[in-house]
Amino acid sequence: MALKALDIYKLLPKKNCKECGDPTCLTFAMKLAQGKVEPDLCPYLDEEAKNILGASTRPPIQKVTVGMGTLSFTVGEEFVFYRHEKTFYHQPGIMYSVSDTESDDRIREVVSQVRGCRLTRIGIDLVLNGLAVYAESRSPERFAAAITVVTQDNPDLPLVLMASDPAVMEAGLAICGNYLPLIRGVNDQNCEAFCTLAKKYGAPLVVSGNDPEQLAANASRCTGLGITQLMLDLSGTEGEFIRASTLVRQAALARSVPGLGYPVFLDVRSSGFSGLITGITKFASVIVTRPLTRTEMQAALVMRQNIYTDPQKPIQMTPGLYRVGSPGRDDPVFLTVNFSLTYFTLQGYLESTRRSCWLLIVDTEGMSVLTAVAAGKLSESVVKDAIEKSGLASEVNHKTIIIPGYASPLSGRIEEYTGWKVIVGPRDAAEIASFIEEELK
Amino acid sequence: MPIVTFLPGFRKVEVSSSDSLMTAAQKAGLSINAVCGGVGKCGKCVMFHKSGRIRFDADRFKEFFTQEERDAGAILSCESYPEDDCQIMVPERTLIQNQQILMNVVGQAVEFNPSIRKYYVQVKPPTLEMPASDLYRLLDAIFHAGGPNSKQVYVPLEILRRIPSILRDSGWRVTATIARLPAGYRMIEIEKGDTSTRLYGVAVDLGTTTIVAFLRDLTTGQVIGVGSSYNKQISCGEDILSRVNYSKRKGLSRLQDLAVESINNAITMAANNAGVDRDDICEVVVAGNTIMTHMLLAIDPSYMIEEPYVPVVRRSLTASAGRIGLSIKPEGGIFLFPAVSDFIGGDIVADIVASGMAESPEISLMIDIGTNFEVVLGNNEWMFACAGAAGPALEGGEVLFGMRANPGAIEKVSIDSATLDLKYQTINGKKPVGICGSGLIDVLAELLRACVIDRTGRINTTLGHPRIREGEYFPEFVLAWKDETGIGKDIVVTENDIKNLIMSKASTLAACIILMNQAGITREDIKTLYFAGGFGNYINKDNAITVGLIPEVPVDRIINLGNGAAEGANIALINRKKRKFLDEIASLMGYIELNAEPTFMDEYTRGTFLPHTDLTLFPMVEKSLELCRLRVEGK
Amino acid sequence: MTISYSPGWTASIREVVIGATAAEGGTRRISYRIGGESDLPCIGSGRKPLIAFEICDDPALWPDVIRSACTKLVDNPPAWAAYVDTTLQADLIRLNLTSTRRRNFDAYDAVSKTVIAVLQATSLPLIIEGSADADIDSEVFQRCGEAGEKEKLVLGTAEAARYRSVAAAAIAYGHSVIAQSPIDVNLAKQLNILLREAGVPDDRILIDPYTGALGYGFEYTYSTMERIRFAALKGDGDLAMPMICAPSDTLTIKEVRAAVHSHETAVSWEVATAVAAALAGATILVVRHPGSLAPLRTAIDSLWKEEVA
Ligand code: SF4
Ligand code: FES
């Protein structure tokens with residue numbers, strides 16, 4: 001439970017000595033409450049305060065890294081159950097699966113699907129994270145050979161190795177172990193052997209169990225053997241997964257069961273696309289799926305991006321002048337904020353009117369119109385800045401801008417400050433069509 | 001050059017024909033309500049053209065006047081120019097001279113310990129046996145009269161030069177004025193004979209719109225005169241932001257001059273009232289917001305209005321009156337209140353001192369509402385503050401018939417929920433010409449009780465009552481019919497006005513709730529809610545709670561601080577020990593930047609409902625609204 | 001050691017009845033009691049979400065991909081409805097009276113006719129999406145409400161700016177109301193209060209949190225729904241209404257419109273959005289592409305345990 005600034009303040013020494021870098025204990029407490037600073041910046045905390053404050057800032061879920069090098073990815077270190085409480089930090093790695101019984105060509109094809117998949121949205125590259133190779137052959141040689149096919153050209157592609165026979169796993173690790181693949185296949189019988197392997201390569205290990213109790217016990221057993229890079233296997237039907245992952249996340253956040261404070265592994269090869277979506281939304285950190293169709297893959301990557309954006313840092317558009325259709329020098333100029341959702345909504349409605357126009361996006365640090373007006377982020381000077389920087393005046397023959405309805409309180413000041421005439425548009429983008437029809441004819 | 005005659009007072013002025021009529025009126029000594037600074041935007045500088053030739057662009061006036069008004073000769077004076085001798089009628093609403101200025105102060109008992117004292121002493125004449133210097137003997141005499149140790153007293157050259165003749169001319173009987181400084185003492189005056197009873201100081205509330213000066217006898221601590229003035233900076237823009245922008249374009253000096261001039265006007269008025277010579281005023285203590293304080297000292301305020309919004313200085317400051325141009329004793333001192341941030345200025349620190357909230361273990365919430373709002377929560381151990389833009393609606397801006405609290409403004413309204421009969425009260429009892437903030441809050445509360453508006457402020461146009469009608473752009477509710485008003489047209493409040501008001505009140509309430517959340521307290525923990533500034537004096541507290549402008553607390557826990565800034569300045573004037581406390585308050589306050597506060601938007605949205613989306617935060621309001629609804633539905 | 005799940009919920013989602021069978025005074029072959037969940041989606045013994053398939057009476061503004069997927073049915077709402085009922089086997093039909101969005105619309109009789117015809121063509125419960133213009137709302141909703149009297153329709157959409165007409169029709173003819181607010185838990189709550197104060201009983205309101213398209217704000221919808229569900233389970237009665245969510249909005253975005261394999265894309269994106277919406281707490285999922293129904297049904301069946309009666 002997040003502590004209030006004042007509760008924290010009461011735990012601080014109240015020396016106002018500034019050694020933490022803040023002018024007063026109170027301001028330091030305010031930053032602590034927001035998680036912006038670490039408690040140990042204050043050298044005068046007593047033990048009790050350290051315990052209380054330390055526990056609220058240390059991540060309840062262990063950080064785990066899969067792979068090595070630029071393609072490696074980190075999961076875990078999550079703090080919340082709902083993304084709106086703060087944010088989900090580390091998006092799940094999505095791994096395409098191949099069986100070592102498949103042909104080398106097929107394996108190469110899947111590798112190239114993984115590597116070739118790149119979707120760029122709002123300036124961010126969305127990618128698949130790696131490959132999961134499972135030892136269907138049960139043969140150490142074949143497993144090693146299949147992995148070699150993958151690593152020949154892509155030694156740094158993060159991998160999940162799936163085998164339950166330690167000998168098979170060892171053969172695989174011999175090829176790629178130094179690149180820290182995720183090891184999956186531990187069970188009650190092979191636990192010691194797998195731990196030895198994981199320790200030898202320093203690679204992360206997926207532990208499993210039939211129920212949460214057993215899972216926690218197994219995880220504790222592994223930590224007892226010196227392995228801390230652990231993930232919890234919650235694979236099952238979609239329904240089973242969700243019930244288990246809800247429980248595990250809750251227990252982890254409550255720090256009530258030490259063995260459950262690890263990221264979650266999910267194999268959705270049998271449930272497919274909807275299993276993948278379920279995993280993305282409900283706390284999975286590594287998801288192994290059979291190769292998807294291109295459209296499914298795109299939808300999944302976008303879903304992952306959506307769920308893992310920081311709700312407090314909305315996705316921002318680059319401010320500037322945008323065209324809707326092919327606007328001419330007499331076409332209207334709509335002004336809006338650089339909150340991506342506002343932009344997309346407005347753009348969508350404008351497009352549907354089939355009327356070409358200009359869209360001037362001003363920098364409100366990603367705030368919506370209403371918020372930006374309330375917080376003073378949308379102001380006459382911001383608008384002036386945007387008009388000047390975008391070179392709007394040289395693109396159009398008029399000096400009129402249409403501002404969002406919620407910005408109407410600013411209309412006078414904008415006119416005064418920029419010299420542009422201001423028309424107040426509708427509050428709701430959905431009314432843009434009728435606005436254009438009635439006001440701009 | 002044309003001579004312009006202003007009616008109804010027949011004031012005449014000769015001006016060039018490139019001067020606007022507004023400028024002419026100002027030259028004639030009239031204070032014109034130039035909200036936009038005279039650029040033809042606000043429509044507040046209305047005058048009526050009676051005779052003679054004037055020049056203007058009639059098209060520009062279309063948006064401001066009805067045809068009827070145009071026919072009556074309505075013009076914007078800032079955009080009209082005399083071609084020839086002419087007569088111009090200035091309606092009352094265009095003048096600002098009668099606006100209510102706050103002058104009352106709560107009046108706390110404060111220990112009397114001023115920072116300036118006079119010492120009437122008899123200085124030993126020098127002899128051959130005792131050839132000590134004049135200064136030495138003077139300071140020695142002061143020390144023996146209970147004054148500071150001579151080593152601690154700094155004597156400026158100008159005074160030093162006058163010492164020998166004054167000592168000798170007075171027969172060695174002189175009065176020295178000594179000011180206590182942060183690092184010692186300074187002699188600021190030496191006079192012949194005994195003037196020790198003539199020692200005065202002034203406490204000034206330097207507001208964005210108005211300035212109030214309290215003249216005090218510093219030998220007794222009594223208030224002996226009060227003066228006020230408009231802040232003449234209004235001619236450079238009504239709100240503080242436009243003034244900063246003005247300073248960016250045209251430099252600071254005019255703004256500084258105007259601030260000084262306005263303060264001087266107020267001081268002169270106070271001194272005249274009390275029959276005191278301004279030269280006997282030795283100290284001025286000024287509490288003003290951060291930007292005003294900067295401007296008064298001609299320190300560039302422009303970095304405060306752009307990210308990351310830093311003031312040049314936050315701590316309290318002193319300077320000599322002569323350097324700033326204050327018309328008191330030139331060697332006299334000026335003390336300026338410290339600030340917490342760009343938005344929490346010396347005025348708020350003064351409010352805090354005035355309320356005493358920083359000395360009490362009980363939790364208080366203090367709210368100062370204007371175009372901006374400032375909110376402070378805390379007690380003697382901790383304090384949080386935040387500030388933001390409330391939008392101009394609460395001061396009558398962005399509201400069709402909104403106006404400041406000038407004569408003719410509707411300031412109180414009650415509505416019969418069954419018949420929608422309406423009673424109102426205007427300032428000075430004049431025919432209504434508009435509605436001010438307190439009236440608007442009343443309207444909002446009363447319309448809600450009468451179920452004319454829903455909780456989002458939308459007017460229920462299906463009620464079928466003549467007062468409810470479709471306006472030109474929005475549904476509206478008629479407050480006063482044409483023939484009752486002083487402007488010849490119906491005064492209405494539109495749905496859009498209500499929206500703007502709700503947006504204003506939502507941000508204020510959100511700020512209160514964010515502070516309460518930060519401290520982890522509930523509304524029940526608030527033992528006192530202080531209203532600082534003008535708004536609280538006129539507002540109906542019940543209605544303010546009903547619409548959710550402030551959190552629901554028992555009405556008897558709400559105290560109007562009145563002009564807390566002036567009160568605080570007075571306290572600091574008569575008790576120098578409190579001045580150190582001011583810096584402590586300012587530096588220990590936890591300031592919350594609402595811009596960066598992740599929960600602000602959520603709280604704001606929750607506030608855009610009457611009284612609030614979470615009705616459990618307003619249990620009493622809920623109960624009474626429930627009754628109202630039953631009554632209305634039952635009728 | 002047993003690790004138990006202790007969410008600390010204190011309340012449950014209110015139940016809303018949709019559709020009326022002959023025994024209940026209507027003519028539907030089935031009626032649904034939705035809501036009633038006392039935990040997060042898929043946890044505990046909550047009911048499975050229902051799938052509503054959306055049709056309209058004027059597809060001019062609908063995405064090409066839908067017009068091509070539903071071919072000539074799009075010009076014949078009753079036939080379309082029958083197809084949805086018998087072939088696609090959706091749980092519900094949402095009839096969108098898009099014709100009312102045309103300028104100067106005044107064909108009120110046609111509205112009544114369409115509603116009656118669709119009610120005759122299918123025996124599934126019906127959601128009716130009426131006009132979106134305060135000037136004609138009153139007449140349109142009055143017609144819809146009347147045409148479906150006793151059928152316990154769901155009428156949409158009430159918004160904060162125009163809710164009185166929908167509310168009046170729902171109250172007069174015994175229907176439920178969809179309350180749509182722009183992706184914000186607080187605005188959703190406000191609208192529910194407004195509707196209640198306008199006389200709509202709490203158990204005849206469905207929340208539509210407004211569905212942002214996948215990639216274009218769906219995350220806001222997702223979180224808003226989670227917050228609504230959370231608040232409801234924690235005892236906020238003003239938010240304890242079942243939610244209806246329309247992933248069909250995802251079909252209008254650029255990625256789908258411009259896709260080469262447009263049908264495949266439409267289905268992937270619609271299903272992805274619908275599954276996530278269900279996990280965030282939607283009780284009714286509205287889809288438009290015929291291909292989405294089967295995969296969505298499979299996903300729901302695998303996510304939710306067998307329903308406990
Ligand atoms: S270092 Fe510790 S005691 Fe010093 S100001 Fe910071 S929080 Fe207070
Ligand atoms: S219009 Fe503002 S002063 Fe004339």
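Just so it is clear: chains get the letters A, B, ... in the order the sequence lines come, proteins before strands, and each one is counted from 1.
- A salt bridge between Arg294(A) and Glu255(C) is absent, with no side-chain N of the basic residue lying under 4.0 Å from a carboxylate O of the acidic one.
- With rounding to the nearest 0.5 angstrom, the CG atom of Leu303(C) is 4.5 Å from the OG1 atom of Thr278(A).
- Under the 3.5 Å distance criterion, the side-chain polar atoms of Arg83(A) are matched with a main-chain donor or acceptor of Glu219(C).
- Shown here for Asn306(A) and Ala213(C), the closest heavy-atom pair between the two residues is OD1-O, 4.5 Å.
- Phe88(A) meets the ring-ring contact (aromatic ring centres under 6.0 Å, His included) test with Tyr308(A); sequence neighbours excluded.
- Contact of Glu296(A) with chain C is made through backbone and side chain together, with heavy-atom distances under 4.5 Å.
- With chain A as partner, the option from Ser223(C), Ala161(C), Ala259(C), Gly217(C) having the largest number of non-hydrogen pairs under 4.5 angstrom is Ser223(C).
- Of the atoms belonging to Leu260(A), it is side-chain heavy atoms, and not backbone ones, that fall under 4.5 Å from chain C.
- Contact check for Met303(A) versus Phe218(C): side-chain heavy atoms found under the 4.5 Å cut-off.
- If you measure heavy-atom distances from Gln347(A) to chain C, the contacts under 4.5 Å come from the side chain alone.
- When the candidates Gly212(C), Gly215(C), Ala299(C) are compared by the number of heavy-atom contacts under 4.5 Å with chain A, Gly215(C) comes out ahead.
- Ranked by non-hydrogen atom pairs under 4.5 Å with chain A, the options Val260(C), Asp133(C), Thr265(C), Thr298(C) are led by Thr265(C).
- What you find for Ser268(C) and Ala299(A) is that their closest heavy atoms are O-CB, 4.0 Å.
- Across all non-hydrogen atoms, the minimal contact from Leu40(C) to Phe81(A) is CD1-CE2, 3.7 Å.
- Here OG1 of Thr293(A) is found 5.0 Å from CD of Glu264(C). Values are rounded to the nearest 0.5 Å.
- Contact of the Phe273(A) side chain with the Val275(C) side chain is not registered, since no non-hydrogen atoms from C-beta on lie closer than 4.5 Å.
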Mind running ring pair (Phe, Tyr, Trp, His ring centres under 6.0 Å) on Phe339(A) and Tyr220(C) for me, showing each step along the way?
CA-CA 12 Å; Phe339(A) 176 37; Tyr220(C) 294 94; 5.4 Å; yes
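- Rounded to the nearest 0.5 Å, atoms CZ (Phe241(A)) and SG (Cys42(C)) are 11.0 Å apart.
- Heavy-atom neighbours of chain A within the stretch residues 276-297 of chain C, taken at a separation under 4.5 angstrom, comprise Ala276(C), Leu279(C).
- Annotation for Ile242(A) and Pro41(C): closest pair CG2-O, 4.4 Å, computed over non-hydrogen atoms.
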